[in-house]
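Just below is one structure, and these are the notes that go with it.
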Protein chains: 2
Amino acid sequence: MNSGRFAISVHILTLLTFAEDEWTSSEYLAGSININPVLVRKELSNLREHGLVLSKEGKSGGSKLAKPAGQIFMSEVYEAVKQKDLLGKGINSPNPACPVGRKINDHLDSLYDDAEKTLLASLGKVSLAEFCGKFN
Amino acid sequence: MNSGRFAISVHILTLLTFAEDEWTSSEYLAGSININPVLVRKELSNLREHGLVLSKEGKSGGSKLAKPAGQIFMSEVYEAVKQKDLLGKGINSPNPACPVGRKINDHLDSLYDDAEKTLLASLGKVSLAEFCGKFN
DNA sequence: TTGTACTGTAATGATAAAAGTTACAGTATG
DNA sequence: CATACTGTAACTTTTATCATTACAGTACAA
């Protein structure tokens, strides 16, 4: 799983939840997360592609949630930021002359798939709204 | 979760399972995995600390499983290699002046803990022996 | 009792991935 | 048309990962 992108995305979405329906600037978001605004925009761009946020260009532009926080689940955020697989699948290039090396990646893949399904089920139980409820 | 260490450890343990009760050298393991022997020894050192393998120094030395493959579970391997947490916890240093930034790491932690419990339960169902059974 | 084949680990260097920074074109708004 | 934003590309810096070299320690076996 990718290092800190999940945390950054959840942080962004949490701030947008508290901003209600306001268009929030990447500068402001970057200030709370304490990272570079360009990184925030990249992450927003990804969240946008996955239908979680909307952005508006131009003066008084910014971003906001694409749907109510009660309808956004942590599993969606996970799906949005994942790129490598959960446990680091397919990074090595085992020796194909070895009977184990030749087949292990396939077997690891199916192990990972099962584990990831369980993880998604768990994250799918928590909505952004519930998560934000913890701040009160 | 750490990139490829889980895969390397499972690969090592699989090779040791097929080696039956032989002491297997790090050189041989490195050949199948196609990585550097020193990295293998480091990973073996970690697996040893976690009680999963035994090593013998000196000529005709090497490593073998510390217990039968039916009694080693993927959850143990996961626990052995994890260092950072699952989803990249605690990497950012959010702005403490922001009410969200100030508390988000705690809330993320509890989210991660729950998700990880589920993941461990899933990996705990698969023994090394079962995993190795797939190669036949 | 000495050569050999291993482990264990530290130190260093190379490569790759992640994050920060600068820069600037594009776009709404007033 | 000035302003305050977004969206991206290009470049640099930082950090993490992996490979390599080196060598001390250990057990076996001739």
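So you know, we letter chains A, B, ... as the sequences are listed, proteins then strands, and number each from 1.
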Of Thr24(A) and Lys42(A), whose nearest nucleotide on DNA chain D comes first from the 5' end?
Thr24(A)

Could you state the CH2-P distance from Trp23(A) to dT27(C), rounded to the nearest angstrom?
17 Å

Quick one: Asn36(A) CG to dT21(C) P, roughly how many Å, whole number?
5 Å

How many whole angstroms separate atom CD1 of Ile35(B) from atom C1' of dA16(C)?
17 Å

Give the minimum heavy-atom separation between Met74(A) and Leu123(A), together with the two atoms involved.
CB-O, 3.3 Å

Nearest-nucleotide pick for Lys59(B), side chain only, options being dT21(C), dA29(D), dG26(C)
dA29(D)

Short side-chain N/O contact to dT6(D) OP1/OP2 from Arg48(A), under 4.0 Å
no

ILVMFWY network linking Leu47(A) to Val126(A), side-chain heavy atoms under 4.5 angstrom
yes

Has Ser25(B) got a side-chain N or O lying under 4.0 Å from the OP1 or OP2 atom of dA5(C)?
no

Can you tell me the distance, in whole Å, between the NZ atom of Lys64(B) and the P atom of dC6(C)?
17 Å

Taking all non-hydrogen atoms of both residues into account, name the closest pair between Asn46(A) and Ala80(A) and its distance.
ND2-O, 2.9 Å

Heavy-atom pair of closest approach, residues Leu16(A) and Ser63(A):
CD2-O, 3.4 Å

What nucleic acid atoms does Ser26(B) come within less than 4.0 Å of, heavy atoms only: base, sugar-phosphate, or nothing?
sugar-phosphate

Rounded to whole Å, the CG-P distance (Asn46(B) to dT9(C)) equals 12 Å

Spacing between Asn34(B) atom CG and dC18(D) atom P, to the nearest angstrom
13 Å

Any non-hydrogen side-chain atom of Val10(B) less than 4.5 Å from a side-chain atom of His107(A)?
no

Give the nucleotide from the list dT8(D), dT26(D), dT21(D) with an atom nearest to the side chain of Arg41(A).
dT8(D)

According to a strict under-4.0 Å criterion, is Ser60(A) in side-chain N/O contact with OP1 or OP2 of dA28(C)?
no

Between dA10(C) (C1') and Leu39(B) (CG): distance, integer Å:
14 Å

Nearest-angstrom distance from the residue atom CD of Glu57(A) to P of dC24(C)
19 Å

Taking for Ser45(A) and for Gly58(A) the nucleotide of DNA chain D with the nearest heavy atom, the one nearer the 5' end belongs to Gly58(A)

